[in-house]
Chemist: 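Take a look at this one; I'll ask things after.
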Number of protein chains: 2
Amino acid sequence: MPRTVDHGQRRAHICNALVRTAARDGLHAATMRSVAAEAGVSLRLVQYYFETKAGLLHAALLHLEERSHRRWNERLAALPSPASPRARVHAFVAEAIPDDDDSRVFHLLWTSFAVLAMTDPALAEQPFVSGPERLERQLTDLLTEAHADGALPTDQDPALEATRLLAVTHGLGTDVLTGRLTPQRALVVAGYHVDRVFGARSTTDT
Amino acid sequence: MPRTVDHGQRRAHICNALVRTAARDGLHAATMRSVAAEAGVSLRLVQYYFETKAGLLHAALLHLEERSHRRWNERLAALPSPASPRARVHAFVAEAIPDDDDSRVFHLLWTSFAVLAMTDPALAEQPFVSGPERLERQLTDLLTEAHADGALPTDQDPALEATRLLAVTHGLGTDVLTGRLTPQRALVVAGYHVDRVFGARSTTDT
DNA sequence: ACCTTCATGATACGTCTGTATCATGAAGGT
DNA sequence: ACCTTCATGATACAGACGTATCATGAAGGT
């Protein structure tokens, strides 16, 4: 066999180029050629590794989801070892608010894809349901655990609270990205929300 | 002077065509030609009434915002005459959830524009700040009023609550449009949220 | 040494887009 | 009656886009 390069690595490199381009100029500006230029490769190579543009977008979406998943787990791991459910929930909302460049890019891209998926059912139906749903399940488990610990008032419904948490953080993220809210303000609101879900304040924040 | 048609009416007609097209196939599919076809006019006319495509988008955005504003006021007026603050807040969230075709279109378009505005600061900066901000002010006033009435627990901050309401409804709307939530489920979560903001249940829903 | 297969470059094609240009009805002021 | 101005149609143009085609290095199996 002739020389063989690491396709996975190459694909990741191009996906990152897509992400950078789209973060700068919007997903609509992420063309085959602009992505190739950003990645420093020829147009042909983008075609080679992802047959079609749909394939490229699909791969980029998966790439994005995996990246966010890793980020969220790293953030959890960085917490002081026996972290309370409340602290972990707070870590979640803090991670979800676009305050640094990376999370800003993630939120922008994810929302861009979500908007596309609203009218194009063929576009990667999977990540838009399974991705957030896994998060939602994690949160539900977390809140159920908090129930058992007595950290969460018993009249709060874990499943509803998880959905609500996802909704409020996503909404705040969009407000930040459209410039309606500063990241700081969004964090305040998110913290306020966590305070309302759990009872009175008692924990440190991260 | 020669024959003169009602420009405003004509522009509204074309804007509606844009909205229909974009609602069906996504905002990226709303080209000058497709909008002209949908409106049943020639390409030239779209150019004539809106010099450029940016002009068309700008006008459509304003058109959209005005339409939503009217809808929201009609919904308020339809409430039994001395509506409690809680009922009015509930009416707001019910209106914001995309459960019928019209609100679905509105949410989709608004989010599409919002995504564009995230990377294109020139795109109608106004409506994305002033529009929601007016809503937020209305909600804040409503909640402050509820404070005075004793309908809202005194430890709830009206401004924070208003921001949170906007965020949660917008987040839920996106979840509905991506198919992650049914409108019914989103309404349940929204009602749950209103229940948590105000104290125990006591009012009818609309 | 050669041949097969992988990897990459250069370039061409057809389509769609936004915008510009030229032309021409239609109607009121004078 | 005529001329000016509004309104609209037909069409052309240059560029960008996704995709396809052809060609050619590069390297390991035999």
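Numbered from 1 within each chain, the chains take letters A, B, ... in sequence-line order.
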Chemist: Check the distance between dA16(D)'s C1' and Asp25(A)'s CG and give it to me in whole angstrom.
Modeler: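 Between C1' of dA16(D) and CG of Asp25(A): 15 Å.
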
Chemist: For Asp6(B) and dT8(D), what is the distance between atoms CG and P respectively, to the nearest whole Å?
Modeler: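 So the CG-P distance, Asp6(B) to dT8(D), works out to 11 Å.
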
Chemist: Is there a side-chain contact between Ser42(B) and the phosphate of dA10(D), meaning an N or O under 4.0 Å from OP1 or OP2?
Modeler: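 Checking Ser42(B) against dA10(D): no side-chain N or O falls below 4.0 Å of OP1 or OP2.
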
Chemist: Take atom CZ of Arg44(B) and atom C1' of dT24(C), then tell me their distance rounded to the nearest Å.
Modeler: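 Arg44(B) atom CZ is separated from dT24(C) atom C1' by 12 Å.
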
Chemist: State the pairing partner of dA27(D); accept Watson-Crick or G-U wobble contacts with both distances under 3.5 Å, and report none otherwise.
Modeler: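 Base partner found: dT4(C).
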
Chemist: Round to a whole Å and report the spacing from CD of Gln47(A) to C1' of dT19(D).
Modeler: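 Between C1' of dT19(D) and CD of Gln47(A): 6 Å.
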
Chemist: OP1 or OP2 of dC6(D) sitting under 4.0 Å from any side-chain N/O of His7(B)?
Modeler: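 It does not, given that no N or O in the side chain of His7(B) lies less than 4.0 Å from OP1 or OP2 of dC6(D).
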
Chemist: Identify whether any heavy atom of His28(A) sits under 4.0 Å from a base atom; if not, whether one sits that close to sugar-phosphate; answer base, sugar-phosphate or nothing.
Modeler: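 Answer is nothing: His28(A) stays at 4.0 Å or more from every strand.
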
Chemist: Go through Tyr192(A) and Glu161(B) one step at a time and tell me if the side chain to side chain contact (heavy atoms under 4.5 Å, CB included) criterion holds.
Modeler: CA-CA 9 Å; Tyr192(A) 177 86; Glu161(B) 289 295 350; 2.5 Å; yes

Chemist: Just how far, in rounded Å, is P of dA12(D) from CG of Leu43(B)?
Modeler: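 Going from Leu43(B) (CG) to dA12(D) (P), I get 14 Å.
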
Chemist: Any base atoms under 4.0 Å from Tyr49(B), or only sugar-phosphate, or nothing? Heavy atoms, all strands.
Modeler: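 The residue Tyr49(B) makes sugar-phosphate contact but no base contact.
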
Chemist: Locate the shortest heavy-atom distance separating Leu143(B) from Ala162(B); write the atom from each residue and the value.
Modeler: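 The pair with the smallest heavy-atom distance is CD1-N, 3.8 Å.
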
Chemist: For Pro127(A) and Leu62(A), which heavy atoms make the closest approach, and how far apart are they?
Modeler: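 Closest pair (atom of Pro127(A), atom of Leu62(A), distance): CG-CD2, 3.9 Å.
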
Chemist: Can you check the Arg33(A) CZ to dC17(D) C1' distance for me, whole Å?
Modeler: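 In whole Å, dC17(D) C1' and Arg33(A) CZ are 6 Å from each other.
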
Chemist: Is the side chain of Thr144(B) donor-acceptor paired with the backbone N or O of Pro158(B) at a distance under 3.5 Å, no angle test?
Modeler: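 No; zero donor-acceptor contacts below 3.5 Å.
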
Chemist: Could you give the CD-to-P distance, from Glu51(A) to dC6(C), as a whole number of Å?
Modeler: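 Spelled out: CD on Glu51(A) to P on dC6(C) is 13 Å.
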
Chemist: Could you please name the partner base of dG14(C), counting Watson-Crick and G-U wobble pairs only when both distances are under 3.5 Å?
Modeler: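 dC17(D) is the nucleotide pairing with dG14(C).
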
Chemist: Expressed as a whole number of angstroms, how long is the span from Leu45(B):CG to dA26(C):C1'?
Modeler: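 Taking atom C1' of dA26(C) as the reference, CG of Leu45(B) is at 14 Å.
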
Chemist: Check whether any side-chain N or O of Tyr48(A) sits under 4.0 Å from OP1 or OP2 of dT8(C), and answer yes or no.
Modeler: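 For dT8(C), OP1/OP2 do not have a side-chain N/O of Tyr48(A) under 4.0 Å.
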
Chemist: Looking only at side-chain N and O atoms, does Thr4(A) come under 4.0 Å of OP1 or OP2 in dA27(D)?
Modeler: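 Answer no for this pair, as no side-chain N or O of Thr4(A) is under 4.0 Å from OP1 or OP2.
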
Chemist: Pick the nucleotide of DNA chain D nearest each of Thr31(A) and Arg10(B); which residue has the one closer to the 5' end?
Modeler: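 That would be Arg10(B).
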
Chemist: Reckon Val5(B) touches a base, only the sugar-phosphate, or nothing at all at heavy-atom distances under 4.0 Å?
Modeler: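 Sugar-phosphate, no base atom in range.
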
Chemist: Counting only Watson-Crick or G-U wobble pairs whose two distances fall under 3.5 Å, which nucleotide matches dT19(C)?
Modeler: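 Result: dA12(D).
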
Chemist: Do Trp110(B) and Ser68(B) pass the side chain to side chain contact (heavy atoms under 4.5 Å, CB included) test, and can you show the C-alpha distance, the side-chain angles, and the key distance before you say yes or no?
Modeler: CA-CA 10 Å; Trp110(B) 186 265; Ser68(B) 100; over 6 Å; no

